[in-house]
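We count residues from 1, following the sequence as given.
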Amino acid sequence: FKPQELSNISWAFSAAGVSHAELFEKIAYHIAGLDCLDSFKPQELANTVHAFCNAVRPHPALFDKIGHYIAGLCSFNLFQPQNLSNIAWAFAT
């Protein structure tokens, strides 16, 4: 799956109020197991973590991977303020 597809799938299930444990677990392990998250757009990262929070499916390995990726960036210029605030909200939830 491409990053946008993973983000859209998790967001769609979350928006529909369906917290499918096995699906969210597989998406999380897939993303957390990637070598690099450069292929994800900031919006896709924000939508993914937001979906996991809305579905009440926190996944520490996924959030750790995304957090380390964002913290390691040289600049936040690619991120819209809304992306960063959505990610921060998801991490705080």
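In this structure, E5 places its CD atom where more than 12 heavy-atom neighbours from other residues, nucleotides or ligands lie under 6.0 Å away. Atom CD of E25 sits in a crowded spot, with more than 12 heavy atoms from other residues, nucleotides or ligands closer than 6.0 Å.
Interatomic distance, H20 NE2 to I27 CD1, rounded to the nearest 0.5 Å: 10.0 Å. In this structure, CG on L37 lies 8.5 Å from CD1 on I70, to the nearest 0.5 angstrom.
Looking at residues two or more places apart in sequence or on another chain, you find no ring-ring contact (aromatic ring centres under 6.0 Å, His included) involving Y69. By the ring-ring contact (aromatic ring centres under 6.0 Å, His included) test, F91 is found to be paired with F63, residues two or more places apart in sequence or in another chain being considered. A search for side chain to side chain donor-acceptor pair (under 3.5 Å) contacts involving S85 returns nothing, not counting sequence neighbours. In this structure, the salt bridge (charged side-chain N to carboxylate O under 4.0 Å, His left out) partners of K26, at least two apart in sequence or on a different chain, are E22.
Under a hydrophobic-cluster definition in which Ile, Leu, Val, Met, Phe, Trp and Tyr are linked whenever side-chain heavy atoms come within less than 4.5 Å, directly or via other members, F1 and I31 are assigned to the same cluster. Both F52 and V18 belong to a common hydrophobic cluster when Ile, Leu, Val, Met, Phe, Trp and Tyr are linked at side-chain heavy-atom distances under 4.5 angstrom.
The shortest distance between side-chain heavy atoms of Y29 and H59 falls below 4.5 Å. Taking the side chain as every heavy atom from C-beta outward, F79 and Q43 never approach each other to under 4.5 Å.
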Subject >> Verdict with supporting geometry, W89 and H50, side chain to side chain contact (heavy atoms under 4.5 Å, CB included) >> reply: CA-CA 8 Å; W89 172 86; H50 190 264; 3.3 Å; yes

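A salt bridge (Lys or Arg N to Asp or Glu O under 4.0 Å) check over residues 32-51, counting only residues at least two apart or in different chains, returns nothing. Within the structure, every pair that satisfies the side chain to side chain donor-acceptor pair (under 3.5 Å) test and touches residues 9-19, not counting sequence neighbours, is listed here: S19-R57.
For the pair S7 and N47, the tightest heavy-atom approach, listed with the atom from each and the gap, is OG-CB, 3.2 Å.
A donor-acceptor pair is defined here as one N or O able to donate and one able to accept, closer than 3.5 Å; no such pair exists between the side chain of N86 and the backbone of N83.
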